[in-house]
Chemist: 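I have a structure I would like to understand better, so I am pasting it below and will then ask my questions one at a time.
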Amino acid sequence: MTNCEFVAGDAYELATLVSRPADLVFMANAFHGVPDRPRLARAVREALAPGGHYVIVN
């Protein structure tokens, strides 16, 4: 794939880990175990481009 960037790191610091705003943040089988879900949702919002999507599969 040439149009994807996979990032590993502290999800609460997502905006500092990506090189540019993301069109899509996909999270599978993990959100239920996040201790501070509102904090993570805010971090994702900060990392998303305008009109970007946050997809959670639990």
Chemist: One pair to check against side-chain contact (heavy atoms from CB on, under 4.5 Å): R39 and V34. What are the steps and the verdict?
Modeler: CA-CA 9 Å; R39 181 179 172 202; V34 173; over 6 Å; no
Chemist: Not counting sequence neighbours, which residues clear side chain to side chain donor-acceptor pair (under 3.5 Å) with N58? List them please.
Modeler: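 N58 satisfies side chain to side chain donor-acceptor pair (under 3.5 Å) with H32 once adjacent residues are dropped.
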Chemist: Would F26 end up clustered with L48 when hydrophobic side chains under 4.5 Å apart are linked, directly or stepwise?
Modeler: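 Different hydrophobic clusters.
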Chemist: Could you list the donor-acceptor pairs under 3.5 angstrom formed between side-chain atoms of residues 10-22 and any protein atom two or more places apart in sequence or on another chain?
Modeler:
{"from": "D10", "atom 1": "OD1", "to": "Y12", "atom 2": "N", "distance (Å)": "2.9"}
{"from": "Y12", "atom 1": "OH", "to": "D36", "atom 2": "N", "distance (Å)": "3.1"}
{"from": "T16", "atom 1": "OG1", "to": "E13", "atom 2": "O", "distance (Å)": "2.7"}
{"from": "S19", "atom 1": "OG", "to": "E5", "atom 2": "OE1", "distance (Å)": "3.1"}

Chemist: Quick check: is V44 connected to V7 through a chain of hydrophobic side chains (ILVMFWY, heavy atoms under 4.5 Å apart)?
Modeler: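 Looking at the clustering, V44 is in the same group as V7.
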Chemist: To the nearest 0.5 Å, what is the distance between CZ on F31 and OH on Y54?
Modeler: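 Those atoms lie 4.5 Å apart.
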Chemist: Any salt bridge (Lys or Arg N to Asp or Glu O under 4.0 Å) pairs touching residues 44-54, not counting sequence neighbours?
Modeler: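 Salt bridge (Lys or Arg N to Asp or Glu O under 4.0 Å) check on residues 44-54 returns no pairs.
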